[in-house]
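First comes the structure, then the notes that go with it.
Note that the numbering runs from 1 along the sequence shown for the chain. Just so we're clear, the structure is a prediction, and the values are computed from it rather than from any experiment.
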Amino acid sequence: MPIDLYLTPASGPCRIVLMVLKKLNVKHNPKNIDLAKGEQMKPEFVAINPFHKVPVLVDDGVTLRESRTIIRYLVDKYANDDKLYPKDFMKRVAVDQWLDFDLGSHSAAIGLLVYPIVFKGQAKDAEREKVVNDNLTVLDGFLKNQNFVCGPELTIADISIALSTHFLEMIDHDISAYKNIQAWMGRVKNEMPWDEVNKGFYVAKTMLEEWRKSRGGAK
């Protein structure tokens with residue numbers, strides 16, 4: 001039975017899951033949920049996820065509702081090896097630590113910066129921008145002498161953090177000062193179906209830019 005993935009194509013957490021699915025060549029059935037139309041509030045979706053959020057993965061009776069949990073599950077169940085999520089205890093702890101950094105600090109700070117600009121047309125908040133840049137500075141330092149966040153090998157932590165960082169493109173946030181991050185992003189992109197998975201993101205970005213122009217260039 002194929003996996004069902006309920007998603008919104010532009011969503012960062014959804015793209016994290018989709019990226020891992022495609023990296024693992026796992027067959028799946030994408031089911032788009034249009035948040036703008038309120039489809040996440042329909043009874044049939046709330047029955048799957050009472051928190052009415054995406055992504056949601058349904059796999060042979062197993063329902064998972066959190067993106068980082070989903071990608072751990074996918075690698076454990078479907079990967080041919082454990083490179084993306086090592087079984088070695090200390091290596092796995094390192095990956096988990098970076099996933100928690102992404103979920104609790106990095107992507108959360110990016111969301112607080114980006115969403116008011118995207119959905120409310122507000123100006124960029126200087127304090128929130130500083131938090132994002134502080135996190136980028138720390139990340140850049142860790143990447144100074146290693147190819148990926150946990151060492152020489154790509155893991156699901158890189159995929160998660162890279163896609164969270166990529167969301168800053170939605171507001172053209174400049175990360176050119178973070179040379180190690182830029183080089184690392186290039187390495188991650190080279191190992192992933194990056195352009196394919198991010199099509200929905202760029203469609204949304206184009207729509208946002210057109211909306212800004214209609215409002216006289218507001219940012």
Side-chain angles (χ1 to χ4, degrees), residues 1-9 11-31 49 54-107 110 135 138-167 178 180-201:
M1 182 180 295
I3 291 172
D4 287 335
L5 176 63
Y6 296 82
L7 77 162
T8 297
S11 157
C14 293
R15 287 181 288 126
I16 290 169
V17 174
L18 189 58
M19 193 76 77
V20 173
L21 279 167
K22 290 186 176 293
K23 176 71 172 177
L24 297 176
N25 293 315
V26 175
K27 292 182 179 180
H28 59 282
N29 179 29
K31 294 179 174 288
N49 187 3
V54 288
V56 178
L57 182 136
V58 180
D59 180 19
D60 196 22
V62 175
T63 301
L64 298 173
R65 305 178 181 91
E66 294 291 338
S67 58
R68 279 69 170 186
T69 299
I70 292 170
I71 60 177
R72 290 177 173 110
Y73 168 87
L74 289 172
V75 175
D76 275 343
K77 184 171 181 179
Y78 291 105
N80 293 324
D81 55 50
D82 69 340
K83 289 182 179 179
L84 287 175
Y85 192 39
K87 296 186 184 302
D88 176 87
F89 178 72
M90 291 309 300
K91 291 180 179 180
R92 179 163 286 212
V93 166
V95 174
D96 286 337
Q97 180 170 248
W98 278 108
L99 286 171
D100 289 343
F101 159 77
D102 185 37
L103 182 61
S105 299
H106 188 54
S107 66
I110 289 170
N135 285 339
V138 172
L139 177 61
D140 194 69
F142 271 97
L143 291 166
K144 183 177 181 180
N145 297 311
Q146 57 192 48
N147 285 338
F148 299 102
V149 295
C150 294
E153 299 282 350
L154 176 85
T155 69
I156 54 175
D158 295 284
I159 297 169
S160 182
I161 298 169
L163 280 163
S164 294
T165 304
H166 178 245
F167 195 55
Y178 307 100
N180 299 320
I181 289 178
Q182 288 189 306
W184 162 75
M185 289 283 288
R187 290 189 290 271
V188 175
K189 290 177 182 180
N190 286 339
E191 296 205 27
M192 307 303 298
W194 189 266
D195 292 337
E196 178 186 358
V197 170
N198 285 305
K199 286 179 182 178
F201 171 84

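The structure places CG of L5 at 6.0 Å from CG of L57, a figure rounded to the nearest 0.5 Å. The distance from atom CG of L74 to atom CD1 of I71, rounded to the nearest 0.5 Å, is 8.0 Å. Taken from CH2 in W184 to CD1 in I161, the straight-line distance is 5.5 Å, to the nearest 0.5 Å. Of the inter-residue distances, the one linking R68 atom CZ with D96 atom CG reads 12.5 Å to the nearest 0.5 angstrom. The line from CD of E191 to CD1 of I159 is 9.0 Å long, rounded to the nearest 0.5 Å. R72 contributes atom CZ, which lies 5.0 Å from atom CG of L99 (distance to the nearest 0.5 angstrom).
Of all the heavy atoms in V188 and L154, the pair that sits closest is CG2-CD1, 4.1 Å. Considering all non-hydrogen atoms of both residues, D82 and K87 come closest at OD2-N, 2.8 Å. Between T63 and V58, the shortest heavy-atom contact is OG1-CG2, 3.9 Å. Summarising the geometry of N198 relative to M19, their closest heavy-atom pair is ND2-CE, 4.1 Å, with the distance given to 0.1 Å. Scanning all heavy atoms of the two residues, the minimum distance from R15 to V197 falls at O-CG1, 3.7 Å. Summarising the geometry of D158 relative to V149, their closest heavy-atom pair is OD1-N, 2.9 Å, with the distance given to 0.1 Å.
Two residues are said to be in side-chain contact when any heavy atoms from C-beta on lie closer than 4.5 Å; V138 and N135 fail this criterion.
Salt-bridge check for K77 with D59: passed, with a basic side-chain N closer than 4.0 Å to an acidic carboxylate O.
Shown here are the side-chain hydrogen bond (donor to acceptor under 3.5 Å, both in side chains) partners of K22, two or more places apart in sequence or in another chain: E196. Among residues two or more places apart in sequence or in another chain, the salt bridge (charged side-chain N to carboxylate O under 4.0 Å, His left out) test is passed with D140 by none.
With hydrogens and angles ignored, the 3.5 Å screen pairs a side-chain donor or acceptor of S11 with a backbone N or O of C14. With hydrogens and angles disregarded, a donor-acceptor distance shorter than 3.5 Å links the side chain of R92 to the backbone of P86. The backbone N or O of V17 lies less than 3.5 Å from no partner atom in the side chain of S67, so there is not a single donor-acceptor pair.
A 6.0 Å sphere centred on NZ of K83 holds no more than 12 heavy atoms belonging to other residues, nucleotides or ligands. Other residues, nucleotides and ligands contribute only 12 or fewer heavy atoms inside 6.0 Å of the CD atom of Q97. Other residues, nucleotides and ligands contribute over 12 non-hydrogen atoms within 6.0 Å of the CG atom of D88.
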Open item on the list: Y178 vs M185, test: side-chain contact (heavy atoms from CB on, under 4.5 Å). Steps then yes/no.
Closed with: CA-CA 11 Å; Y178 307 100; M185 289 283 288; over 6 Å; no
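Residue pairs meeting the ring pair (Phe, Tyr, Trp, His ring centres under 6.0 Å) criterion with at least one member in residues 72-94, sequence neighbours excluded, do not occur.
Between W98 and F142, the angle of the ring planes goes over 60°, which puts this pair in the perpendicular group of the 30/60° scheme.
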